[in-house]
Each structure stands twice: as structure tokens, then as C-alpha cells.
Number of protein chains: 2
Amino acid sequence: MATGSIDRRVARTRRLLQEALFELTAENGYAAVTVEDICGRADVGRSTFYTHYPDKDSLRKAAIEEHLEAMRLEGDAGDTKPSSGGFAFSGPAFAHADATRMMHRAMMGGKNHEIPEEIRDWIGKQVRHELTGIVGKDAIGLEVATRFVTGAFLEVMHWWLDADAGLPPAEIDRLFQALAFDGTRRMLTSPE
Amino acid sequence: MATGSIDRRVARTRRLLQEALFELTAENGYAAVTVEDICGRADVGRSTFYTHYPDKDSLRKAAIEEHLEAMRLEGDAGDTKPSSGGFAFSGPAFAHADATRMMHRAMMGGKNHEIPEEIRDWIGKQVRHELTGIVGKDAIGLEVATRFVTGAFLEVMHWWLDADAGLPPAEIDRLFQALAFDGTRRMLTSPE
DNA sequence: TATGATATCGGACACGGTGTCCAGTATCAC
DNA sequence: GTGATACTGGACACCGTGTCCGATATCATA
């Protein structure tokens, strides 16, 4: 096969570098991580790093894109069921994040909320797609609603991964969807 | 007066440094700004910078805290009217941001969403305070709702400052509050 | 206006991280 | 086995940081 013809050494090195990045980001935050740190943790020569990625940002970007791709394939297998009156993206996202919690904690920016642009854009795209045609034809309204839900989701996800309050993914998703669809006012009457 | 006894030179230097930081952040993003850049733009010796602030982060932190303090004093003058069934913090925040748009664009992290911890915490505090006692006694629910609204607000504010779609502050506040209180579902029936 | 206090300047310094290059060595695919 | 390819480790120039210090400019005050 053509795509699979990746030298074992290359695959191994990239895997080690990505893992090191995730660990160090979760520990100290993305900004504090240096290429030297990454290579040290991965036990990879620094010059080797630069044969694979031009800089730290490229490593993260590549890691995230591979990961989003994997998630997309997962999503294709199971049914995304965009019906049932809820957001389709959030449930799988919470579930997937729960499965590989540490990695996601790093990808969400560690303690410092340094959420990568790729993730924000991806979530935004899902939200916009699911809101389109539902929120009326007002372009401004759609845009504001998209930003609103995207920001809310990322913040809730970040808190959920970080605080580790023992909330199962299904539960946090239920809370998120309730807030997104019915707002905070409803929590006034139905005390849950 | 004791507080006012600040050497003109000191006041001038700090003002120049803060302005330079705002400008450069708005132009290139906070991470890309160097102390050298700041001093160059402010026309201040680099060694002088370090007599005032230990590093770049301290400068931003100081600038933000002064600004939040100014906003707090403003808020004390006018009535915050926490009644009327809406969030009290968002209206003044949008209005204030509109008045000093460039500065706020920088404080919200420029293009890269590098929102300072001080601002996120401050907004979070306002939201938690206003939600307390309204969202039932469930601690988890309160926390999730707080994060939800905080993230949503920051993202909407960021978009509004950046996109410059000509939306007046009162209008963006109305949209935000509608989403926060009644959710997205309601926009289905009432097309606005 | 004179004077002492203090802020600013600018240049030097060591330090740490970046990104590039290359020759030598280890590992791969076939 | 053999040729191709990846990894290593060390050197290099570069840039930004944070510190220090003597010289100069500006301040508050008498």
C-alpha cells in the first residue's frame, strides 16, 4: 500500500514526539514547553525533530489534525443522528474526550486555555452547520449564535476535563445541551 | 494627595508602555510581541522597562487591573440594576468595550484568542454571582452554567470586537442575553 | 534658580532557546 | 547483503531575556 508505506522509524519518532508534547502541555501549559523539552522527554535528537516539523506549532497542528481525522472516521462508523432535537457533535466529542482524557486535556490548552485554532474552528464548523436553517435566515443571528455555542462548549469541555468532578460524559452532555437549547432561565424552574 | 504623588516621568513611561502593548497585541497577537517591540514602539529604553515591570506578562496584568478598576468605579456611579431579569454585567461590558474598542480588542487577545486569565476570572466571577441562587442549589449545575455563560460571553465579545459588523452594543447585548436565558431553541420560532 | 533625589538612557553581559548544517552511525526495506 | 534512508550529536549564528552600571536628563522642593 502507498499510504501505509511509512518507515517504522518515522512513525515511531513522530509518535514519541506527539506523546511528549501532550504530556508536557498537560503538565506546564503549551507556551512553557520548548522543543528541547519535547526531544528530551521523547528521547529524540533535537536535529531529528526539525527533519519532521519546522517548529513546535507544526507538531501540535499535525497531531491535532491526525486526531480530528481519526474522530471523523469514528463518526462515520456510528450514526451521528442529527435529529432528536439536540446537537450531534457534542455527545461524541465528550465521549471521545473521556476515552483519551489526558491527550484532550493537553489539546484544550492545559491550565492556560491556549485552545488551538484548529480545534476552535472545527467546533465552530460543527455548530454553524447544525444551526444553519434552524436559527432563521438572519446571518448576524446565526453568527452570534454560533460563536455563543462554540465558546460555551469549549469552556464547558475545558472545565470538565480539568476539574474531573466525576461527571460521566453523557451527563455533562445533557447539561450542555439543556443550557444551549433552553438557556439558563429554565434551570430556575426545573431544579436539577 | 498620597496616591497622586506619582512622578510625571513614571506615569508617562507606564502609559506609553501600556499603549504600545495594546497596539502591538492588536496587530500581531500577544504571543508575538516582544519586550523589545514594546520599548521600540513606546520609545522607551529597554532597561527602563524592567525598572517598572519584571516581564511582559506583568505589564499586561497591571494594565488590565487598572482598567478593571476603572470599570468598577464607572459601575459604582451608574446603577447596575441587577433586576429586570437579565445579566447585569454584560450590558456595561459591551458598552465600555465599544467606547475603547482598540484597547479591548487587544485585551481580548487579538486574533489568537489569548484571553488573559484576569479577564476570564473577572467575567466568571460576575456570572457566578448573578447565577447563584437562581440556578438551584446544585453546585455542579451552577458551575457548569457559570462556565457555559462565561465561555459564551467571551467568544461573543471577541467576535463582536473583531468582526466589527456594525452592531451597536445594546443590540449585541440583547442577542447575548436572549441566547443565555432562552437558549437557541427559541430562535427557531421567533425569527429575529 | 539652585539642589538633591530619582527616572531614564544605552550599552555590556551571560543565559537559554531556535533553527540550520553536516559527518558519522544505526536501522530500514527489498 | 546492499543501497537508501533516518537518527545522532555537536557546532554555529541568531535573537530575545533579564541584569547591571555609569552617565545624563528630568523632577519636586526650597
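Below, read A as the first sequence line, B as the second, and so on, with proteins coming before strands; counting in each chain starts at 1.
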- Query: Nearest-Å distance, CD1 (B/I38) to P (D/dG16)?
  - Reply: 12 Å

- Task: Just jot down the side-chain hydrogen bond (donor to acceptor under 3.5 Å, both in side chains) partners of B/K125, sequence neighbours excluded, or say none.
- Result: none

- Message: Output the rounded distance in Å from CG (B/D55) to C1' (D/dT19).
- Response: 14 Å

- Identify the heavy atoms of A/M108 and A/H158 that sit nearest to each other, and give their distance. O-CD2, 3.3 Å

- Task: Would you mind telling me which of D/dC7, D/dT17, D/dG10 lies closest to the side-chain atoms of B/V35?
- Result: D/dT17

- Task: For A/D37, answer base if it contacts any base atom (sugar-phosphate contacts may also be present), sugar-phosphate if it contacts only those atoms, and nothing otherwise; contact means non-hydrogen atoms under 4.0 Å.
- Result: nothing

- Query: What's the CZ-P distance between B/R8 and D/dC27, to the nearest Å?
  - Reply: 6 Å

- Query: Within this structure, what is the CG-to-P distance between A/L17 and D/dA6, rounded to whole angstrom?
  - Reply: 15 Å

- Task: Please work out whether the ring planes of B/F87 and B/F176 are parallel, tilted or perpendicular, with thresholds of 30° and 60°.
- Result: tilted

- Backbone N or O of B/A180 within a donor-acceptor pair of the A/T184 side chain at under 3.5 Å? yes

- Below 4.0 Å: OP1/OP2 of D/dT19 and any side-chain N or O of B/Y50: no

- Item | Distance, rounded to the nearest Å, where B/I6 contributes CD1 and D/dA28 contributes P | 12 Å

- Message: Closest-nucleotide mapping onto DNA chain C: is B/T13 or A/K56 further toward the 5' terminus? I mean the 5' end.
- Response: B/T13

- Task: List the atom of B/E130, the atom of B/F89, and the distance in Å for their closest heavy-atom pair.
- Result: OE2-N, 3.0 Å

- Message: What I want to check is whether an N or O donor and acceptor connect the side chain of B/R46 with the base of D/dG18 at under 3.5 Å.
- Response: yes

- Item | Residues in ring-ring contact (aromatic ring centres under 6.0 Å, His included) contact with A/H104, at least two apart in sequence or another chain | A/H67, A/H96

- Whole-Å gap separating P (D/dT8) and CZ (A/R9): 11 Å

- Is any side-chain nitrogen or oxygen of A/H52 closer than 4.0 Å to OP1 or OP2 of D/dA6? no

- Remember a base hit wins even if backbone is also touched, and classify A/S47 as base, sugar-phosphate or nothing at under 4.0 Å, heavy atoms. base

- Could you check B/V33 against A/D43 and say which one's nearest nucleotide on DNA chain D is further toward the 5' end? A/D43

- Query: Any ion pair linking B/D37 and B/R46 (charged N to carboxylate O, less than 4.0 Å)?
  - Reply: no

- So where does chain A start and stop touching DNA chain C, 5' to 3', when the test is distance under 4.0 Å to a non-hydrogen atom? C/dG17 to C/dA29

